[in-house]
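If you read the sequence from its start, that first residue is 1, and numbering goes on from there. Keep in mind that the numbers below use all heavy atoms, side chains included, and drop hydrogens, waters and symmetry copies.
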Amino acid sequence: MSAGVALEAFGLVKRYGGVEALRGANFQARAGEVVALIGDNGAGKSTLVKCLSGAERPDGGEIRLAGERVEFATPTAARRLGVETVYQDLAVAPDLDPAANLFLGREIPRRGLLGKLGMLDKSGMKAQAVEHFRRLGVTLPSIDVPIAALSGGQRQSVAVARAVMWASRVVFMDEPTAALGVVQRERVLEVVRRVRDEGIAVVLISHNMPEVLAVADRIEVLRLGTRVARFTAADATLEQLVAAMTGALTHDEDAA
Ligand SMILES: Nc1ncnc2c1ncn2[C@@H]1O[C@H](COP(=O)(O)OP(=O)(O)O)[C@@H](O)[C@H]1O
Ligand SMILES: [Mg+2]
């Protein structure tokens with residue numbers, strides 16, 4: 001393991017019936033970096049993320065978290081070890097306010113008897129939420145409205161903020177900006193950068209190559225279920241990325 005490696009996959013295999021979605025895929029995410037995972041449709045990106053976040057069990061290969069071999073039985077098991085995922089389809093509860101969304105499933109009870117009776121520490125959670133949004137630069141028109149009243153970009157920022165709040169090691173983001181306009185997209189990417197700067201490994205799946213080149217530190221390319229290339233983003237060109245995705249170029253730059 002090289003220094004700072006958060007999560008690694010070695011030779012991952014995943015079959016769905018007769019389809020081999022992952023054929024010995026390698027992958028690496030390092031602490032304090034944004035690594036983009038790119039590849040054509042069907043390359044295996046979502047399957048890889050599912051295997052690395054506990055949503056699917058691989059049929060072969062090995063996963064290491066901070067150098068230790070792990071097997072995530074469920075997404076909850078992965079979360080407990082600091083690995084969170086922001087899914088493509090917005091995973092927020094529309095009727096709840098932003099603070100309630102941050103603490104969904106992890107609510108803080110009130111102290112003492114009231115807590116034992118199931119009362120929640122709403123003001124405590126709200127104060128933590130406000131501080132967390134401030135730190136990440138997430139600006140919301142109001143903290144007291146249901147998520148449904150926010151814009152798409154604001155909702156996505158809340159989804160990202162929630163994952164980050166609980167992720168101590170790795171956050172996977174499968175197309176987090178796909179549904180957003182230009183300005184909203186830029187806001188979400190700014191949140192992504194701040195998360196990276198806190199020392200977490202951010203894995204960004206995106207079809208938007210200019211976005212990948214703008215926000216990623218490294219890029220890993222999947223094709224037909226295996227990693228075919230990796231680049232340092234600062235040295236990569238759009239042409240190289242496209243060539244790698246289509247199989248015209250293999251490139252392995254172990255940017256230490
Ligand atoms: N649940 C599933 N059942 C059957 N085939 C699947 C399933 N999920 C993915 N696949 C297949 O695995 C391959 C990789 O898919 P996927 O990981 O979604 O690729 P990507 O996210 O890169 O577009 C594709 O051929 C896809 O059809
Ligand atoms: Mg996908």
Ignoring hydrogens and angles, tell me if any N or O in the side chain of [X] forms a donor-acceptor pair with the backbone of [Y] under 3.5 Å.
{"X": "D174", "Y": "I205", "value": "no"}
{"X": "R30", "Y": "A6", "value": "no"}
{"X": "K14", "Y": "R57", "value": "yes"}
{"X": "E220", "Y": "A229", "value": "no"}
{"X": "D59", "Y": "R15", "value": "yes"}
{"X": "R193", "Y": "V215", "value": "no"}
{"X": "K50", "Y": "K45", "value": "no"}
{"X": "R110", "Y": "D121", "value": "no"}
{"X": "D97", "Y": "A100", "value": "yes"}
{"X": "E175", "Y": "H207", "value": "yes"}

Closest heavy-atom pair and its distance - [X], [Y]:
{"X": "L12", "Y": "E62", "answer": "CD2-N, 3.7 Å"}
{"X": "P146", "Y": "D95", "answer": "CB-O, 3.7 Å"}
{"X": "E84", "Y": "R106", "answer": "OE2-NH2, 2.8 Å"}
{"X": "I219", "Y": "A236", "answer": "CD1-CB, 4.4 Å"}
{"X": "P98", "Y": "S142", "answer": "CG-O, 4.3 Å"}
{"X": "N26", "Y": "F10", "answer": "OD1-CA, 3.4 Å"}

(request) Assess the side chains of S151 and Q154: does a donor N or O sit below 3.5 Å from an acceptor N or O? (result) yes
(message) Pairing donors with acceptors under 3.5 angstrom, does anything connect the side chains of N208 and T177?
(response)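 Not at all, the side chains of N208 and T177 share no donor-acceptor pair under 3.5 Å.
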(request) Check the pair L104 / R162 against side chain to side chain contact (heavy atoms under 4.5 Å, CB included), numbers first and verdict last. (result) CA-CA 9 Å; L104 199 62; R162 176 176 62 192; 3.5 Å; yes
Taking [Y] as the starting point, is it possible to reach [X] by hopping between hydrophobic residues whose side chains are less than 4.5 Å apart?
{"X": "V34", "Y": "V188", "value": "yes"}
{"X": "V170", "Y": "L136", "value": "no"}
{"X": "I200", "Y": "M173", "value": "yes"}
{"X": "L22", "Y": "L7", "value": "yes"}
{"X": "V35", "Y": "L65", "value": "yes"}

Does a side-chain heavy-atom distance below 4.5 Å link [X] with [Y]?
{"X": "M125", "Y": "L102", "answer": "no"}
{"X": "F103", "Y": "L120", "answer": "no"}
{"X": "Y16", "Y": "E56", "answer": "yes"}
{"X": "R196", "Y": "D217", "answer": "yes"}
{"X": "S206", "Y": "I38", "answer": "no"}
{"X": "C51", "Y": "P58", "answer": "yes"}
{"X": "V171", "Y": "V86", "answer": "yes"}
{"X": "V5", "Y": "Q28", "answer": "yes"}

(message) Could you go through I143 and F133, starting from their C-alpha distance and side-chain angles, then the distance that decides it, and tell me whether this counts as side chain to side chain contact (heavy atoms under 4.5 Å, CB included)?
(response) CA-CA 10 Å; I143 191 95; F133 289 136; 3.7 Å; yes
Quick one: pull up [atom1] in [X] and [atom2] in [Y] and give me the separation to the nearest 0.5 Å.
{"X": "I147", "Y": "N101", "atom1": "CD1", "atom2": "CG", "value": "4.0 Å"}
{"X": "T232", "Y": "H251", "atom1": "OG1", "atom2": "NE2", "value": "7.0 Å"}
{"X": "E211", "Y": "E186", "atom1": "CD", "atom2": "CD", "value": "8.5 Å"}
{"X": "T226", "Y": "L48", "atom1": "OG1", "atom2": "CG", "value": "11.0 Å"}
{"X": "L222", "Y": "R23", "atom1": "CG", "atom2": "CZ", "value": "12.0 Å"}
{"X": "L52", "Y": "F172", "atom1": "CG", "atom2": "CZ", "value": "4.5 Å"}

Charged N to carboxylate O under 4.0 angstrom, [X] versus [Y]?
{"X": "R230", "Y": "D252", "answer": "yes"}
{"X": "D144", "Y": "K126", "answer": "yes"}
{"X": "E190", "Y": "R187", "answer": "no"}

(message) Take a 6.0 Å sphere around CD of E71 and say whether it holds more than 12 heavy atoms from other residues, nucleotides or ligands.
(response) no
(request) List the steps and the verdict of side chain to side chain contact (heavy atoms under 4.5 Å, CB included) for V83 and W166. (result) CA-CA 8 Å; V83 178; W166 307 103; over 6 Å; no
(request) I would like to know whether V164 and H132 meet side chain to side chain contact (heavy atoms under 4.5 Å, CB included); could you show each step before the answer? (result) CA-CA 9 Å; V164 169; H132 186 63; 4.3 Å; yes
(request) Not counting sequence neighbours, which residues clear side-chain contact (heavy atoms from CB on, under 4.5 Å) with T237? List them please. (result)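 Only E239, Q240 meet the side-chain contact (heavy atoms from CB on, under 4.5 Å) criterion with T237.
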